A.B. asks: 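Below you'll find the structure I mean.
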2 protein chains.
Amino acid sequence: MAARVALRGSAILRTIRPAACSLPRESRRQFSFSAANMSSFYSWEPEGPTIKTQIPGPKAKAQIAELDEVFDTRSLNMLTDYEKSSGNYIADPDGNVLLDVYAQIASIPIGYNNPVLRKAAQGDEMINGLINRPALGNFPPNDWANVLKTGILKVAPKGLNQVFTAMAGSDANETAYKAAFMWRRQHERGGHHVEFTEAEMASAMRNELPAGSSELSIMSFKTAFHGRLFGSLSTTRSKPIHKLDIPAFDWPQATFPLLKYPLDQHAEENAAAEAASLKEVEDIILNYRVPPCAVVVEPIQSEGGDNHASPAFFQGLRALTRKHNVLLIVDEVQTGVGATGKFWAHEHWNLQDPPDMVTFSKKAQTAGYYFGSPELRPNKPYRQFNTWMGDPARALLFRAIVGEIERLDLVNNTARVGDYLYGKLEALAQKYPGQFENLRGKGMGTFIAFDSPRRDEFLARAKGFGVNIGGSGQSAVRLRPMLIFEEKHADILLAALEKIVTSW
Amino acid sequence: MAARVALRGSAILRTIRPAACSLPRESRRQFSFSAANMSSFYSWEPEGPTIKTQIPGPKAKAQIAELDEVFDTRSLNMLTDYEKSSGNYIADPDGNVLLDVYAQIASIPIGYNNPVLRKAAQGDEMINGLINRPALGNFPPNDWANVLKTGILKVAPKGLNQVFTAMAGSDANETAYKAAFMWRRQHERGGHHVEFTEAEMASAMRNELPAGSSELSIMSFKTAFHGRLFGSLSTTRSKPIHKLDIPAFDWPQATFPLLKYPLDQHAEENAAAEAASLKEVEDIILNYRVPPCAVVVEPIQSEGGDNHASPAFFQGLRALTRKHNVLLIVDEVQTGVGATGKFWAHEHWNLQDPPDMVTFSKKAQTAGYYFGSPELRPNKPYRQFNTWMGDPARALLFRAIVGEIERLDLVNNTARVGDYLYGKLEALAQKYPGQFENLRGKGMGTFIAFDSPRRDEFLARAKGFGVNIGGSGQSAVRLRPMLIFEEKHADILLAALEKIVTSW
């Protein structure tokens, strides 16, 4: 089936390198049934990858050299022709078209050049938002409540009905941290109504205690990623290259329970690892020299290598933080907006007591933090403020994305396709021992990863087989398809994965 | 003239409250000549303010109450109807239309609903940039070099030919700070080629010395404003409300020379204040317990109350930082993009040796930092990186803004109108002693401010007289018109200012 798809694709896209997309006979048999039963959400995308040149090809190389004169290109993965990209497929200037399961570091929700988003982009509201950029805290548009309620807040996590809007994941987290510090210090002072003292105001101007520095911290977990600005980077613990030489706060880290996969085969030792982690969290809350006012955690540690923990662990974390009057901030920047088969990954935990704040960005195309308690509004205006406080144009785009997710039931689609993909990956892992290690993400939509013994080479080779894939952590291959990823795309991906491990 | 303008405006906008816009006979005489000689850049804006209700009016009040359920409105200044705003005029839901010399906290460059920006917003490139948001560091668009060179880099400050793109002023400054730390530590290690040690990498993961914390700092000035995230806030020294309870780094602040105005009448003591400040800077560089690797400074301290210093001061600061191998970061977030009568305010200094980095945002509608030295690219990829690294849609908007600034010669326009406005303000200050104190910004385009003994009331009353004005610092009224502000708008503003001080 995938081969046939590729051939149809070649009719549209002119040429295809056989090595990239012809599949072993077995794969064809294996994949034909379910793919044939699926219909596309959108008809505008090609039916398979096209590989015309090495990547980067000659055109890309010349353009990269030109770009490098003015813009650091050393982290460049693939120069992209966005005009020619469509749906699940990313194109480059040399005519290569790849199935994209990296999706701009997990941030494209419903496909390149989605016609519904195009229509939203052409609308009067969007043009208005683009060319009349407001300072949202001072001069909000008179329809801002409506834009929020029909978009960002329409999908607010249960129990959280307020939002502070931001620009990207880092400042979404940092503004949430700021809210946490202000909340805790207000409590310590005796409530919202207590005025600041002269000494507090003077010390604030000098970055000194009691109010211009802090004896409070944000606790994060080892191998976590929460952003790269100074406060968020102090909670990021993913890789040295993210942190080297940048001043950081003396904030504590607890061990994230590094579970063994498959989870159901290691239930006992995993539960022990989680219990040990929770014990460490409590110890830090009680004893760390700079006690935490909040704990920040990702539902799945994404940049850190796709590390999962159980609902019981997160329930325990919620109980512990509640017990000690510490806020729980759930960082859904990468996990949010449907990829795990729930709109928010923390819905998998079935919490009765919701997180205090949930941060979002990436697939939302805008950013911010949700909260519910009125106490999390700082006691005075202008404490949480900046010029733009987000971008209405991007908020309107999120609204259009939410509409499309609902119309096409894309969260449930992702849950279903994720199960399909996971099952096939289990079979591949069995067939090629040692090549797809620690497969993880069962029941978590398409938010799936595995370890490869030759990860970097794995990712590089994937392009030659028509697929764009990302890595994370030390050895993880992480799959981050869009929400419009279907069984037929899974088949193409699976065939390419098999090609990779049989080609070396 | 202004009265006639207002009457014409009333024909378009249906009604006008006489108290707001009828002017004293003298004002009419005084302003008629120059205004009559001016032609509008754009014909789409109204010809004067319209005041129909108290602000907020009944519609705004109802909508603010609705918004407040989900979004903190305590810093709300005026609920805005952006569809009905145009050119220099901002509208509200009750039909009030005000001359806007605050311009979204100095961030609207060429007017609301500018037809040229509307056209740019409707173009294929913009739609592509909006709906296919790239991770710019990994998957830059193949025309990204061109977009940069014809936009952001077309107006790069002299000597700085590279850019790192960001989202807003805070992260523009913070990424510049990060570049400074990495640059300095590379020097200390012996160069770009020296690899990190195991101890450095391990300490980075623990937020500890030698490489996970820092014995280096960023020096800023008292009364400075550089943003509100954790690193930028550590350099912000404007008001306690910006800083209270938020952890800050132990970074030093030098006294900004608080000059006496008018500058030319206090040359000697101002020079002494600047010399003392430079002496303090040098002392901090040499002796502060956490020595600075960079000094960050605004050409005019804007949030801090519009504090100016002379070209000689900034030349001295450049010489000092160069002498001690400390980077000079010029924060042009508020001063940049034409408002001072130069594209970048630091052009007023005539430096032979350019700043090391210049940060921008606000009127650029996008953000980032410029730099020139190849040494300011970190020695490894992924040290300076994040998912989006800016927004191509906003970069395209800046390109359109730059095109319009050039086509209409708006920087020179601002210089000329600024001189006109400043001259008239001098006359007003003489006529109403004590009401327009410390007038400042002579020769600095429309970047003009003065102190009012009843500042907050001054700003509140301004709305009733048809003008939207902002404050800063303790007592400053800051004028931040757009670059399309003409003599005729200055006349309307001046008449309103006179109304305010004669009305109490």
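Since the model is a prediction, treat every value here as computed from it, not as a measurement. Residue numbering restarts at 1 for every chain, and letters A, B, ... go by the order of the sequence lines. Only heavy atoms go into these numbers, but all of them, side chains included; no hydrogens, no water, no symmetry mates.
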A.B. asks: Quick check for you: among F164(A), Y102(A), Y82(A), which has the greatest number of heavy-atom pairs under 4.5 Å with chain B?
C.D. replies: Y82(A)

A.B. asks: Less than 4.5 Å to any heavy atom of chain A: does that hold for the side chain of D391(B), its backbone, both, or neither?
C.D. replies: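 Contact with chain A: side chain only.
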
A.B. asks: Under a 4.5 Å heavy-atom cut-off, does chain B meet the side chain of L229(A), its backbone, both or neither?
C.D. replies: both

A.B. asks: Pick one of side chain, backbone, both or neither for S217(A), based on which atoms fall under 4.5 Å of a heavy atom in chain B.
C.D. replies: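 For S217(A), neither part sits under 4.5 Å from chain B.
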
A.B. asks: Below 4.5 Å, heavy-atom pairs only: which of L67(A), I127(A), I131(A) has the largest tally toward chain B?
C.D. replies: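 The residue among L67(A), I127(A), I131(A) with the greatest pair count is I131(A).
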
A.B. asks: Determine the minimum heavy-atom distance between E69(A) and K149(B), stating which atoms define it.
C.D. replies: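 That closest heavy-atom pairing would be OE1-NZ, 3.5 Å.
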
A.B. asks: Could you tell me which of P140(A), G137(A), A211(A) has the largest number of non-hydrogen atom pairs under 4.5 Å with chain B?
C.D. replies: P140(A)

A.B. asks: Crowded around K222(A) NZ? As in, over 12 foreign heavy atoms under 6.0 Å?
C.D. replies: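 Check passes, neighbour count above 12.
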
A.B. asks: Can you tell me how far apart CZ (F230(B)) and CD1 (I218(A)) are? Round to the nearest 0.5 Å.
C.D. replies: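 So the gap between those two atoms works out to 6.0 Å.
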
A.B. asks: Could you check T175(B) against R228(A) for side-chain contact (heavy atoms from CB on, under 4.5 Å), going step by step and ending with a plain yes or no?
C.D. replies: CA-CA 9 Å; T175(B) 47; R228(A) 287 166 165 269; over 6 Å; no

A.B. asks: For Q253(B), is it the side chain, the backbone, both, or neither that has a heavy atom closer than 4.5 Å to a heavy atom of chain A?
C.D. replies: side chain

A.B. asks: Please identify, among N161(B), N386(B), V163(B), the residue contributing the most non-hydrogen atom pairs under 4.5 Å to chain A.
C.D. replies: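 With the most close heavy-atom pairs to chain A, the winner is V163(B).
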
A.B. asks: At what distance, to the nearest 0.5 angstrom, does OG of S170(B) lie from CG of D171(A)?
C.D. replies: 8.0 Å

A.B. asks: Under a 4.5 Å heavy-atom cutoff, which of K380(A), H242(A), M182(A), Q122(A) has the most pairs with chain B?
C.D. replies: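 The answer is K380(A).
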
A.B. asks: Name the member of A135(B), A393(B), A180(B) that forms the most heavy-atom pairs with chain A at distances under 4.5 Å.
C.D. replies: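 Greatest number of close heavy-atom pairs with chain A: A135(B).
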
A.B. asks: Hey, does the side chain of N207(B) reach the backbone of F249(A) with a donor-acceptor pair shorter than 3.5 angstrom?
C.D. replies: yes

A.B. asks: Report which part of D94(A) has an atom under 4.5 Å of a heavy atom belonging to chain B: side chain, backbone, both, or neither.
C.D. replies: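 Neither part.
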
A.B. asks: Can you see which heavy atom on A248(B) is nearest to which on G212(A), and at what distance?
C.D. replies: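 Nearest heavy atoms, A248(B) then G212(A): CB-O, 3.3 Å.
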
A.B. asks: Under a 4.5 Å heavy-atom cutoff, which of A60(B), P141(B), G231(B) has the most pairs with chain A?
C.D. replies: P141(B)

A.B. asks: How long is the gap from OG1 on T223(B) to CE on M205(A), to the nearest 0.5 Å?
C.D. replies: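 The distance works out to 8.0 Å.
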
A.B. asks: Answer with side chain, backbone, both or neither: which region of N468(A) has an atom nearer than 4.5 Å to a non-hydrogen atom of chain B?
C.D. replies: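 N468(A) touches chain B through side-chain heavy atoms alone.
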
A.B. asks: Pick from L130(A), L117(A), I105(A): which one has the most heavy-atom pairs with chain B under 4.5 Å?
C.D. replies: L130(A)

A.B. asks: Heavy-atom cut-off 4.5 Å, strictly under: side chain, backbone, both or neither for I108(B) against chain A?
C.D. replies: side chain

A.B. asks: Pick whichever of E66(A), K178(A), R74(A) has the most heavy-atom pairs under 4.5 Å with chain B.
C.D. replies: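 With the most close heavy-atom pairs to chain B, the winner is R74(A).
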
A.B. asks: At a 4.5 Å cut-off on heavy atoms, which part of F196(B) comes close to chain A: side chain, backbone, both, or neither?
C.D. replies: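 For F196(B), the contact with chain A is made by the side chain alone.
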
A.B. asks: Report the option among E83(B), R394(B), K243(B) that has the most heavy-atom pairs separated by less than 4.5 Å from atoms of chain A.
C.D. replies: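 Maximum pair count with chain A is reached by R394(B).
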
A.B. asks: Quick check for you: to the nearest 0.5 Å, what is the distance between D245(B) atom CG and F181(A) atom CZ?
C.D. replies: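 Those atoms lie 10.0 Å apart.
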
A.B. asks: Need one label for S107(B): side chain, backbone, both or neither, based on atoms under 4.5 Å from any heavy atom in chain A.
C.D. replies: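 Side chain only.
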
A.B. asks: When only pairs under 4.5 Å are counted, which of R383(B), R133(B), M201(B), R185(B) shares the most heavy-atom pairs with chain A?
C.D. replies: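 Looking at each option in turn, the highest pair count goes to R133(B).
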
A.B. asks: Examine whether an atom of W388(B) lies under 4.5 Å from a heavy atom of chain A, and if so say whether it belongs to the side chain, the backbone or both; otherwise answer neither.
C.D. replies: side chain

A.B. asks: For E215(A), look at atom CD and say whether over 12 heavy atoms of other residues, nucleotides or ligands are found less than 6.0 Å away.
C.D. replies: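 Not more than 12 within 6.0 Å, no.
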
A.B. asks: Regarding R377(B) and D68(A), does a basic nitrogen lie under 4.0 Å from an acidic carboxylate oxygen?
C.D. replies: yes

A.B. asks: Contact part of S361(B) toward chain A, heavy-atom cut-off under 4.5 Å: side chain, backbone, both or neither?
C.D. replies: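 Both backbone and side chain of S361(B) come within 4.5 Å of chain A.
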
A.B. asks: How many angstroms lie between atom CG of D124(A) and atom CZ of R118(B), to the nearest 0.5 angstrom?
C.D. replies: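 Reported value, rounded in 0.5 Å steps: 6.5 Å.
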
A.B. asks: Please classify the contact of L244(B) with chain A as side chain, backbone, both or neither, using a heavy-atom distance under 4.5 Å.
C.D. replies: both

A.B. asks: At a 4.5 Å cut-off on heavy atoms, which part of D100(B) comes close to chain A: side chain, backbone, both, or neither?
C.D. replies: neither

A.B. asks: Please round to the nearest 0.5 Å and tell me the distance separating atom CG of N128(A) and atom NZ of K84(B).
C.D. replies: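 If I round to the nearest 0.5 Å, the distance is 11.5 Å.
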
A.B. asks: Which answer fits N114(A), side chain, backbone, both or neither, if we ask what part of it has an atom under 4.5 Å from a heavy atom of chain B?
C.D. replies: backbone

A.B. asks: Heavy-atom distances under 4.5 Å only: say whether L76(B) touches chain A with side chain, backbone, both or neither.
C.D. replies: both

A.B. asks: Look at atom CD of E208(B) and say whether more than 12 heavy atoms of other residues, nucleotides or ligands are closer to it than 6.0 Å.
C.D. replies: yes

A.B. asks: Give, as side chain, backbone, both or neither, the part of N113(B) having an atom under 4.5 angstrom from any heavy atom of chain A.
C.D. replies: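 Interface part for N113(B): both.
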
A.B. asks: Looking only at non-hydrogen atoms, find the nearest pair between A168(B) and M167(A) and report the distance.
C.D. replies: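 A168(B) and M167(A) have their closest heavy atoms at CB-CG, 4.4 Å.
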
A.B. asks: Is it the backbone or the side chain of L397(B) that comes under 4.5 Å from a heavy atom of chain A, or both, or neither?
C.D. replies: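 Contact with chain A is through the side chain of L397(B) alone.
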
A.B. asks: Is the F71(B) ring parallel, tilted or perpendicular to the W144(A) ring (thresholds 30°, 60°)?
C.D. replies: perpendicular

A.B. asks: Out of S214(B), P240(B), A400(B), A145(B), return the one with the most heavy atom pairs under 4.5 angstrom to chain A.
C.D. replies: P240(B)

A.B. asks: Between I90(B) and chain A, which part of the residue has a heavy atom less than 4.5 Å away: side chain, backbone, both or neither?
C.D. replies: side chain

